[in-house]
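Data first, discussion second: the structure below is written as structure tokens.
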Amino acid sequence: MANKSKKRARKNKKRARALMAALLAAMLMGSLCIFVRESGCSAQACSLARFGIGFLIIGSIAIIRRLRGRGRLSFSPASFASGVSIGLCILFYFLAIQYTSAAIAALLPATGPLLSAVWESLLEKRLPPRRDVLLLLTAGLGIVIVATYSPHNTPGHDDAQGILYGILCGLCYSFYLVLNRCMSAEVQMMQRLFWQSAAGALVLLIPLYLGGADALQGLSSGWPWLIGIGVLQGVGVLALVAYAMRHLTSLEFGIISCLEPTEATLIGRAVYAEAILPGQWPGFLLVLITIISKSQRHLGWKMRSLLARQSGRRRVRA
């Protein structure tokens, strides 16, 4: 019984850490619109910076570890495929940010984890837990409400094109999550990050080349923002998501990711004066309810464990 309790405690501790990693990744991605817009660079340059700089950092660390005999870099097809998916996802996300509001650009990709739960269930030939399905439906309803009441006639924006890019981003994101979940547990974290960043950088060279001189404009003044994108949203988010997906299901990760569009919408309002209409607030509340409902389920174990230990000590003393 004692061994089972220790194993359960270790498992809950890992899940709690994975939850915090997923929350931090969502917060970093929610602030991404600031880096992209303030850089003044093209979506092609921003997306390549995210993976190119990340690949240089991750690749250097991975090679040093490999030379010291602490890790391996054998080719992982699933990691490479997931890197292609997340690379295209980021490109479409940056294009969406340039064509529509931060709220819409972040809301539509948030459907990716919801879609991944469907793909995952179909692949495993099973139905997701009823409680998680209800939470996902609630989160999805909140996203729909926020998108429905968002201002569609923003000057200088093309919402139809931005929405299309957002949908493509969500689709690529769902493939990325499914590939991460299906990846063998034998693939080490550094090995996974190395091939994901390499694949993302390679696939993003194509749109940068096709964009020509227009895709290279703004690099002289926007390079500090590009470095921030590569370090924070590149290396940081990839590592956090990779860790979170090892201990959370796509359903759980999907609910936590709903924090990202909420944050992006608030940033759009505070920084770029993008309107938040009264009809959007019920949607925000629904999204936050799902996040709190799922969070308390995994973070509450610490309080329960503490109370159980205190109760056991009192019984021994008595």
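For the single chain, residues carry numbers from 1 onward in sequence order.
- Note on I64 and I58: separate hydrophobic clusters, where clusters join Ile, Leu, Val, Met, Phe, Trp and Tyr whose side-chain heavy atoms are under 4.5 Å apart, directly or indirectly.
- The SG atom of C33 sits 12.0 Å away from the CD atom of Q98 when rounded to the nearest 0.5 Å.
- In this structure, the ring-ring contact (aromatic ring centres under 6.0 Å, His included) partners of F55, at least two apart in sequence or on a different chain, are F194.
- Note on L24 and I90: same hydrophobic cluster, where clusters join Ile, Leu, Val, Met, Phe, Trp and Tyr whose side-chain heavy atoms are under 4.5 Å apart, directly or indirectly.
- By the 6.0 Å and 45° rule, R37 stacks over the aromatic ring of Y272.
- Closest approach of S85 to L179, counting heavy atoms only: OG-CD1, 3.9 Å.
- If you check the side chains of Q191 and S76, you find no donor sitting under 3.5 Å from an acceptor.
- With contacts defined as side-chain heavy-atom distances shorter than 4.5 Å, the pair S174/W119 qualifies.
- Scanning all heavy atoms of the two residues, the minimum distance from G222 to C41 falls at CA-SG, 4.1 Å.
- What you find for A105 and Y93 is that their closest heavy atoms are O-CE1, 3.0 Å.
- In this structure, OG in S221 is found 11.0 Å from CD in E38, a value given to the nearest 0.5 Å.
- Shortest non-hydrogen contact noted between L216 and L219 is O-CG, 3.1 Å.
- Listed here is the closest heavy atom pair of S31 and I267: CA-CD1, 3.7 Å.
- With values rounded to the nearest 0.5 angstrom, L168 atom CG is found 10.0 Å from L91 atom CG.
- Under the 3.5 Å distance criterion, the side-chain polar atoms of S42 are matched with a main-chain donor or acceptor of A215.
- L205 contributes atom CG, which lies 11.0 Å from atom CG of L210 (distance to the nearest 0.5 angstrom).
- Taking F94 as the reference, nothing meets the ring-ring contact (aromatic ring centres under 6.0 Å, His included) condition, with sequence neighbours excluded.
- Hydrophobic clustering (side-chain heavy atoms under 4.5 Å, transitive across Ile, Leu, Val, Met, Phe, Trp, Tyr) groups W223 together with L204.
- In this model, a donor atom of one side chain and an acceptor atom of the other lie less than 3.5 Å apart for S82 and Q196.
- F92 and I206 fall into different hydrophobic clusters, where Ile, Leu, Val, Met, Phe, Trp and Tyr residues are linked whenever their side-chain heavy atoms come under 4.5 Å apart, directly or through other members.
- Partners of F75 under the ring-ring contact (aromatic ring centres under 6.0 Å, His included) rule, at least two apart in sequence or in another chain, are F80, W195.
- In the hydrophobic clustering of ILVMFWY residues, with side-chain heavy atoms under 4.5 Å counting as a link, V237 and L56 come out apart.
- For the atom pair OG (S79) and CG (L193), the distance works out to 8.5 Å, reported to the nearest 0.5 Å.
- Contact detail for L32 and Q233: the closest heavy-atom pair is CD1-CG, 3.2 Å.
- Annotation: side chain of Y176 is in contact with side chain of V241 (closest heavy-atom distance under 4.5 Å).
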Would you sort out whether L240 and L28 count as a side chain to side chain contact (heavy atoms under 4.5 Å, CB included), showing the intermediate values?
CA-CA 10 Å; L240 290 169; L28 286 174; 4.0 Å; yes
Applying side chain to side chain contact (heavy atoms under 4.5 Å, CB included), run through L137 and L141 and close with a yes or a no.
CA-CA 6 Å; L137 291 175; L141 177 61; over 6 Å; no
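- Rounding to the nearest 0.5 Å gives a distance of 5.5 Å between CG of L226 and OG of S39.
- With a 4.5 Å cut-off on side-chain heavy atoms, W225 and I34 count as touching.
- In this structure the side chain of I86 never reaches within 4.5 angstrom of the side chain of C172, judged on heavy atoms.
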